[in-house]
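What follows is a single structure, written as structure tokens, with notes after it.
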Amino acid sequence: MKNKDKDMSEIINHLKTFGFVFQSSEIYGGLANTWDYGPLGILLINNIKKKWWKEFITLEENNVGFDSKILLNSKVWQASGHLSNFTDPLIENKINNKRYRADHIYEELTSQNSSLLTKEQLEKWIQENVKEYDGSKTNWTNIRQFNLMFQTAQGIVEDNKNIIYLRPETAQGIFINFNNVQRSMRLKLPFGIGQIGKSFRNEVTPGNFIFRTREFEQMELEYFTYPDQDEKSYKYYVEKSKNFILSLGIKKESIRLRIHEKEELAHYSKGTTDIEFEFPFGWGELMGIANRTDFDLKSHNKISNTELKYFDQEKNESIIPYVIEPSVGVDRLLLAIIVDSFIKEKLENNDERIVMRLNYEMCPYKACVLPLVKKQGEKAKSIFRNLIKKGLDVLYDETGSIGKRYRRQDAIGTYWCITYDYDSEKDDCVTIRHRDTMKQERIKINNIFDYIINKEEK
Ligand code: ATP
């Protein structure tokens, strides 16, 4: 089944039933477009982050990690351009009092890129052509540019001086620490600084479950390079990002690359490539790779009066490096992995099973230990305890028929089911069942851990 034919509400229900994602503040009627991650969801998220860190920090010899704050000095957002440029075109229908992204309406109805139009042209087009929308007659307001940054006040006096913003991206925390990191780690160009952290955007039209929320998490790398090597690094990180997404088990046919047209580039970008994913609600950006040039460092140099520069000893000169930025949202990646792996299968006996065909590294639980009958529980539990002591995420389940227990593990993507049965006491063996093939093998209890690890490596 193609992703576009999958039923989003069925997937959302599934994720709630099995403890991946819950509506946030549910007992109070929820808070629009906010979601909490359950025990299964957070394991999968941790696996995603671990993999990103390994690929973009650990395995890249010149890259290091970082962690900056959500709240920064407001001048950061003046320098970065977010205070003046980080806006969406908001239009309101006075008949149903609903607000929309004007660019989204245009793109939906024409399948053309809205960035080629000025604000006035976009406004005129909508007012003249869209007489009915979202099940209602229309009477459009003018377009208002709406800043997406969340504001709050620091300290006890709520006057203008104390207004601060929740960061809309993690990148700026890295730029303003360029000197600190480069000097303390004695880094030589080219090098990257990456971090994982929460970002906040007061989106005009959040929605599509966890695809677009107002609080989300990003994994961003700022790769600093010589200005004349920017194209090479840009190409390298587009390719690397694509391979990273495929390495999470996402299918080739579920993604595509989209190069931004000149007119739609963000104010800081010389070139941007999006990696898009086919969700049940259509293609959407999953990850973006941008050539941010020297825009950010230059602006911070100017506004802060600090020299954020790199001194090249060989050339005996100071330069402002160019920046290549691969940026991806954890929540969107989680959704993509779930959608891609969520499969309904007809079995030989005409039964149906839901199976999440996650790749091993992503599985929340690598295995589940099951005694065939409850009274074998003690022996089975000691197998379970041995495996968790070795650092594997493993479940134990003794409730319900063995068939139902297998289905439950299939539904949450558990890779192996290990069953302790009547023969186990005599032959010191268990049955190990593979999630995807459902094939079963008999192996020695002492070999379970090695078996799992060896199979993973192949
Ligand atoms: P979009 O066009 O979908 O609004 P964007 O181009 O503004 O996204 P970037 O600023 O490039 O997004 O952010 C980098 C990544 O952060 C995106 O590729 C996406 O994975 C994630 N992201 C951005 N906004 C959100 C959001 N509101 N909710 C969840 N993830 C987001």
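Each ligand, and each atom within it, is numbered from 1 in the order the structure gives. Please read these numbers as outputs of a predicted model, since none were measured by experiment.
- Of the listed residues (Y310, F178, Y322), just one forms a ring-ring contact (aromatic ring centres under 6.0 Å, His included) with F224, and that residue is F178.
- Residues Y236 and Y223 place their aromatic rings such that the two centres sit no closer than 6.0 Å.
- Nearest protein heavy-atom contact of atom 22 (N) of ligand 1 is F216 CE1, 3.5 Å.
- Contacts of F277 classified as ring-ring contact (aromatic ring centres under 6.0 Å, His included), with partners at least two apart in sequence or in another chain: F279.
- Ring geometry for F281 against F211 counts as perpendicular: the plane angle is over 60°, on a 0 to 90° scale with 30° as the lower cut.
- Looking at E361 and N47, their side chains never bring a donor and an acceptor atom within 3.5 Å of each other.
- Near G329, meaning under 4.0 Å from any of its heavy atoms, are these atoms of ligand 1: 15 (C), 16 (O), 19 (C), 20 (O), 21 (C).
- Taking any N or O of E220, backbone or side chain, none lies under 3.5 Å from an N or O belonging to ligand 1.
- Nearest protein heavy-atom neighbour of atom 28 (N) of ligand 1: T213 N, 3.1 Å.
- At a heavy-atom distance under 4.0 Å, no atom of E169 approaches ligand 1.
- Nearest non-hydrogen protein atom to atom 19 (C) of ligand 1 is R332 NH1, 3.5 Å.
- Among protein heavy atoms, the minimum distance from atom 13 (O) of ligand 1 is reached at Q218 NE2, 3.4 Å.
- Neither the backbone nor the side chain of D274 has any atom closer than 4.0 Å to an atom of ligand 1 (non-hydrogen atoms only).
- The two residues L148 and E203 have their closest heavy-atom pair at CD2-CA, 4.3 Å.
- Contact annotation for R212 and ligand 1: heavy atoms of both the backbone and the side chain come within less than 4.0 Å of the ligand.
- If you check the side chains of Y234 and T273, you find a donor sitting under 3.5 Å from an acceptor.
- Among all protein heavy atoms, the one lying closest to atom 14 (C) of ligand 1 is S327 OG, 3.0 Å.
- For K98, the salt bridge (charged side-chain N to carboxylate O under 4.0 Å, His left out) partners two or more places apart in sequence, or in a different chain, are D134.
- Among all protein heavy atoms, the one lying closest to atom 8 (O) of ligand 1 is E285 OE1, 3.6 Å.
- The aromatic rings of F295 and H267 lie perpendicular to each other, with more than 60° between the two planes, well past the 30° mark.
- What sits closest to atom 29 (C) of ligand 1 on the protein, heavy atoms only, is F211 O, 3.2 Å.
- Under a 4.0 Å heavy-atom criterion, D331 is not in contact with ligand 1.
- The shortest contact between atom 10 (O) of ligand 1 and any protein heavy atom is with R201 NH2, 3.0 Å.
- Set against the non-hydrogen atoms of L286, the atoms of ligand 1 under 4.0 Å away are 18 (O), 19 (C), 20 (O).
- Every atom of ligand 1 is numbered from 1 in the order shown, and the set under 4.0 Å from a heavy atom of E203 is 24 (N), 26 (C), 27 (N).
- Between the side chains of E263 and S115, no donor-acceptor pair is found at a separation under 3.5 Å.
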